[in-house]
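Structure record follows, encoded as structure tokens.
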Amino acid sequence: MDLDMKDVVALCKRRGFIFPASDIYGGINGFWDYGPLGVELKNNLRDLWWKAMVVTPPIGPDGTPVQIVGLDSSIIQNPKAWVASGHVGGFSDPMVDCRETKKRYRADHLIQRIADKVKVLADIGSEEIKIKGKVAKAFAFPIDATNEEMDRRLKKLGVKKGWISHDGTMPELAFADFSKQDLETLVGPDASEPGTLTEPKEFNLMFESHAGPVQSDDNKVYLRPETAQGIFLNFKNVLDSSRVRMPFGIAQIGKAFRNEVNPRNFIFRSREFEQMEMEWFCHPDEVEKWRDFWFEERTKFWRAVGLASDNLQMRKHGDDELSHYAKEGLGTSDIEYKFPFTAPDFGELEGIAHRCDFDLTAHQEHSGQKLEYMDPVTQEKYMPHVIEPAAGLTRGALALICEAYTVDESRPSGVYLNFHPALAPKKAAILPLSAKEEHVGPATKLYLALREEFAVDLDIKQNIGKRYARQDEIGTPYCFTIDNDTIEDGTVTVRDRNTMAQERISMDKVAEYLREKMKPAGANQEKEAA
RNA sequence: GCGGGCGUAGUUCAAUGGUAGAACGUCAGCCUUCCAAGCUGAAUAUGCCGGUUCGAUCCCGGUCGCCCGCUCCA
């Protein structure tokens with residue numbers, strides 16, 4: 001059956017995974033809070049990523065582990081950094097609305113074509129093109145409109161042939177160059193009369209604040225829209241302090257902020273979110289090798305944490321959707337997940353981008369600091385290129401929840417969360433079969449021993465069925481039940497979340513049992529074992 | 001940002017121009033030797049602001065939030 005997002009959202013709230021931010025004040029659009037279980041899940045994913053990147057980075061093509069160091073840079077940086085990165089300019093996409101058709105266009109995606117003839121005629125007042133009684137002097141078309149499409153549209157609007165043409169005598173103007181008054185005589189791409197387009201509206205997708213208690217333009221600062229820039233800003237510091245040599249990576253996990261026009265789809269597109277980014281610096285000649293390497297590693301990671309189904313797919317960006325930093329080079333490939341709200345389409349989970357030397361070059365120019373790399377062996381001096389695997393931590397957590405959400409009418413809870421044990425917020429629940437001391441005593445002892453190593457729950461209240469059901473709903477993979485046999489022979493029942501099957505194991509072996517079950521999730525485990 | 005829909009307990013739903021009810025969940029207790037059993041009890045809701053009205057959860061306006069579509073997503 002199709003997974004309904006409403007059920008997922010309800011479970012997340014009911015069991016304490018994700019709450020609307022500022023819930024008691026009616027919430028705030030685009031912001032979410034992670035509850036007691038949500039923060040565990042998110043931290044587990046975060047820690048596994050950190051381990052896979054920084055603690056036990058993968059074995060490289062040459063058979064030795066690659067070099068990656070960690071970083072935690074400030075959310076607020078010198079605003080010049082965002083000018084250099086292109087965010088101050090590039091983040092502001094002027095938008096134009098059509099009052100008639102309610103459509104919205106990016107101003108830089110519209111062009112206007114004005115026929116000289118029309119202009120002249122209008123100027124001398126002898127003849128005019130009138131549409132619905134209004135003077136039309138110019139027509140806006142999508143930037144990719146073909147001549148045929150433009151002809152067809154003009155004909156439909158009743159413009160006589162010969163009055164206006166696209167034979168090269170008709171100038172093209174960028175929308176932004178048009179004056180406010182000219183808008184009155186401009187016909188929108190889908191409108192039936194002139195004058196329906198609004199002035200371009202500035203959209204700045206970066207959050208602004210002020211460093212210091214007095215607000216002025218002089219101390220305006222931005223909340224980072226991506227963690228990546230903090231890495232580029234520290235490239236030289238890391239290089240000078242960390243004994244790293246090309247190629248190497250700098251990894252960072254942290255919050256990022258984007259003033260999304262329209263936050264949607266639960267935590268998928270929120271205004272405050274968390275990223276896991278690694279900038280891999282390498283020689284320009286090696287980018288292809290490393291792009292392929294990281295693409296494969298990152299795919300393995302997502303499969304290892306539990307996104308092993310057909311819901312995961314890989315997609316290369318088309319040329320039309322490339323970022324400003326990826327216009328040259330190898331482009332961007334996405335790892336995508338089929339979320340319930342995107343199905344049958346997929347939503348981006350991680351992008352592996354070739355950022356070229358865009359960022360370091362830009363920061364070198366703007367800061368005046370030399371950021372080139374001098375190879376100590378070859379004495380070659382060059383600007384490193386960057387392969388960037390950039391993943392959404394919060395999106396990842398959402399994908400994990402969606403993937404884990406399993407409807408099972410046959411069990412009391414009706415649903416269980418099939419998390420990989422390493423990701424599950426609680427690894428196990430310790431359940432005394434009855435609330436009597438002979439059960440509670442050993443259960444408490446087991447709980448105290450296990451909690452040193454695992455996130456476990458001790459649950460004494462209510463009957464055993466209710467307790468199993470509750471653990472199912474929060475995705476606890478194992479329940480250890482203490483009963484009369486435990487007192488006799490020191491064994492406990494292990495109840496498996498997915499199969500509901502039970503087996504008895506010695507109480508001494510419980511920790512080892514859990515340790516074993518946690519194992520396979522590390523993305524680099526297989527290679528290490530080999 | 002535009003259009004449409006919606007807003008009642010933690011969740012899912014019901015009802016009404018005359019002071020809101022259920023199920024599940026939660027909590028407390030009893031009972032329970034393995035899957036939400038049974039029994040008893042308890043707490044908890046009309047998003048917010050304003051208007052109409054004798055009286056508004058219901059009608060109207062605004063606002064906030066959620067969902068769908070469009071747009072956008074460097």
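Lettering of chains follows the sequences in order, A, B, ..., and the numbering in each one begins at 1. Values below: all heavy atoms of this structure, side chains included; hydrogens, waters and symmetry mates excluded.
- Here the nucleotide nearest the side chain of A:Ile28, chosen from B:rG65, B:rU26, B:rC73, is B:rG65.
- Screening A:Phe454, A:Phe419, A:Tyr468, A:Tyr513 against A:Tyr478 for a ring-ring contact (aromatic ring centres under 6.0 Å, His included) leaves a single residue, A:Tyr513.
- With C1' as the reference atom, B:rC27 and B:rG62 are 39 Å apart, rounded to whole Å.
- Following rounding to the nearest Å, A:Arg271 (CZ) and B:rG1 (C1') show an atom-to-atom distance of 11 Å.
- Pairing for B:rU16 is absent, with no Watson-Crick or G-U wobble pair whose two atom distances lie under 3.5 Å.
- Just one of A:Lys466, A:Arg14, A:Lys426 meets the salt bridge (charged side-chain N to carboxylate O under 4.0 Å, His left out) condition when paired with A:Glu473; it is A:Arg14.
- A distance of about 35 Å separates the P atoms of B:rA45 and B:rG3, rounded to the whole Å.
- There is no side-chain donor-acceptor pair under 3.5 Å between A:Thr342 and A:Asp345.
- What separates CZ of A:Arg467 from P of B:rA37 is a distance of 12 Å, to the nearest Å.
- Side-chain atoms of A:Thr491 and A:Asp489 form a donor-acceptor pair, as typed in the model, at a separation below 3.5 Å.
- In this structure, a donor-acceptor pair under 3.5 Å is absent between the side chains of A:Gln229 and A:Ser85.
- Closest approach to the A:Thr493 side chain among B:rC73, B:rC34, B:rA36 is made by B:rC34 (side chain taken as heavy atoms from C-beta onward).
- In a base pair of the Watson-Crick type (N1 to N3 plus N6-O4 or O6-N4) or a G-U wobble (N1-O2 and O6-N3), with each distance short of 3.5 Å, B:rG25 is matched with no nucleotide.
- For B:rC73, the base has no donor-acceptor partner in the side chain of A:Glu260 [N/O atoms by modelled type, under 3.5 angstrom].
- Taking the side chain of A:Arg264 as heavy atoms from C-beta on, and the options B:rU32, B:rU11, B:rC68, the nearest nucleotide is B:rC68.
- Rounded to the nearest Å, the gap between the P atom of B:rU52 and that of B:rG61 is 15 Å.
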| query | Can A:Ile460 and A:Tyr447 be said to form a side chain to side chain contact (heavy atoms under 4.5 Å, CB included), step by step? | reply | CA-CA 12 Å; A:Ile460 299 167; A:Tyr447 165 71; over 6 Å; no
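- With hydrogens and angles ignored, a donor-acceptor pair under 3.5 angstrom links the side chain of A:Arg269 to the base of B:rC72.
- Pair assignment for B:rU44: none, as no Watson-Crick or G-U wobble contacts are both less than 3.5 Å.
- Ring planes of A:Phe281 and A:Phe235: tilted class, angle from 30 to 60°.
- Taking the P atom of each, B:rC35 and B:rU8 are spaced 37 Å apart, rounded to whole Å.
- The side chain of A:Trp32 lies closest to B:rC66, out of B:rC66, B:rU12, B:rG25.
- Residue A:Asn259 places none of its side-chain N or O atoms closer than 4.0 Å to OP1 or OP2 of B:rC73.
- When the C1' atom is used for both B:rC30 and B:rU11, the distance is 27 Å, rounded to whole Å.
- Of the candidates B:rA36, B:rC2, B:rC35, B:rC35 carries the atom nearest the A:Met500 side chain, counting heavy atoms from C-beta on.
- In this structure, A:Lys13 does not reach the B:rG10 phosphate: none of its side-chain N or O atoms is under 4.0 Å from OP1 or OP2.
- Remark: A:Arg497 is not in phosphate contact with B:rC35, judged by side-chain N or O atoms under 4.0 Å from OP1 or OP2.
- Rounded to whole Å, the distance from CG on A:Asn463 to P on B:rG25 is 10 Å.
- Judged by closest nucleotide on RNA chain B, A:Ala501 is the one of A:Ala501 and A:Phe266 placed further toward the 5' end.
- When each of B:rA36, B:rC34, B:rC73 is scored by its nearest atom to the side-chain atoms of A:Pro412, the top-ranked nucleotide is B:rA36.
- The base-pairing partner of B:rC70, taking Watson-Crick or G-U wobble contacts with both distances under 3.5 Å, is B:rG1.
- Distance from the side chain of A:Ala469 is smallest to B:rA36 among B:rG69, B:rA36, B:rG65.
- Taking atom CZ of residue A:Phe358 and atom P of nucleotide B:rA74, one finds them 14 Å apart after rounding to whole Å.
- The base of B:rC34 is paired with the side chain of A:Tyr468 by a donor and an acceptor separated by under 3.5 Å.
- Between A:Lys461 and B:rU26, a side-chain N or O to OP1/OP2 separation shorter than 4.0 Å is absent.
- Below the 3.5 angstrom threshold, one finds no donor paired with an acceptor across the side chain of A:Asn262 and the base of B:rC72.
- The gap from the C1' atom of B:rU71 to that of B:rC64 amounts to 22 Å, rounded to the nearest Å.
- The aromatic ring centroids of A:Phe266 and A:Phe268 lie 6.0 Å or more from each other.
- For A:Lys466 and B:rA37, the shortest distance from a side-chain N or O to OP1 or OP2 is below 4.0 Å.
- In this structure, B:rC6 forms a base pair with B:rG65, meeting either the Watson-Crick or the G-U wobble geometry with both donor-acceptor distances under 3.5 Å.
- Closest to the side chain of A:Arg495, out of B:rC68, B:rC13, B:rC35, is B:rC35.
- Atom-to-atom, CD of A:Glu473 to P of B:rA36 comes out at 13 Å; the value is rounded to the nearest Å.
- Within the 4.0 angstrom heavy-atom criterion, no nucleotide atom of any strand lies near A:Asp408.
- In this structure, B:rC30 and B:rG38 make a Watson-Crick or G-U wobble pair, each of the two defining distances being under 3.5 angstrom.
- Rounded to whole Å, atom C1' of B:rG47 lies 10 Å from atom CG of A:Asp23.
- Residue contacts for A:Arg15: at a heavy-atom cut-off of 4.0 Å it reaches a base atom on one of the strands shown.
- Of all nucleotides listed (B:rC27, B:rG10, B:rA36), B:rC27 comes nearest to the side chain of A:Gln462.
- With distances taken from any side-chain atom of A:Ile464 to the nucleotides B:rC35, B:rA74, B:rC68, the minimum falls on B:rC35.
- Going from the C1' atom of B:rC67 to that of B:rC49 covers 24 Å, rounded to whole Å.
- Using a 4.0 Å heavy-atom criterion, one finds that A:Asn29 contacts the sugar-phosphate atoms exclusively.
- Atom NZ of A:Lys6 has 12 or fewer heavy atoms from other residues, nucleotides or ligands within 6.0 Å.
- Nucleotides B:rU16 and B:rU46 have their C1' atoms positioned 11 Å apart, rounded to a whole Å.
- The 5' end of RNA chain B is approached more closely, in terms of each residue's nearest nucleotide, by A:Ile487 than by the other of A:Gly27 and A:Ile487.
- Look at NZ on A:Lys6: it is 11 Å from C1' on B:rG7, rounded to the nearest Å.
- When rounded to the nearest whole Å, the span between CZ of A:Phe341 and P of B:rC67 equals 10 Å.
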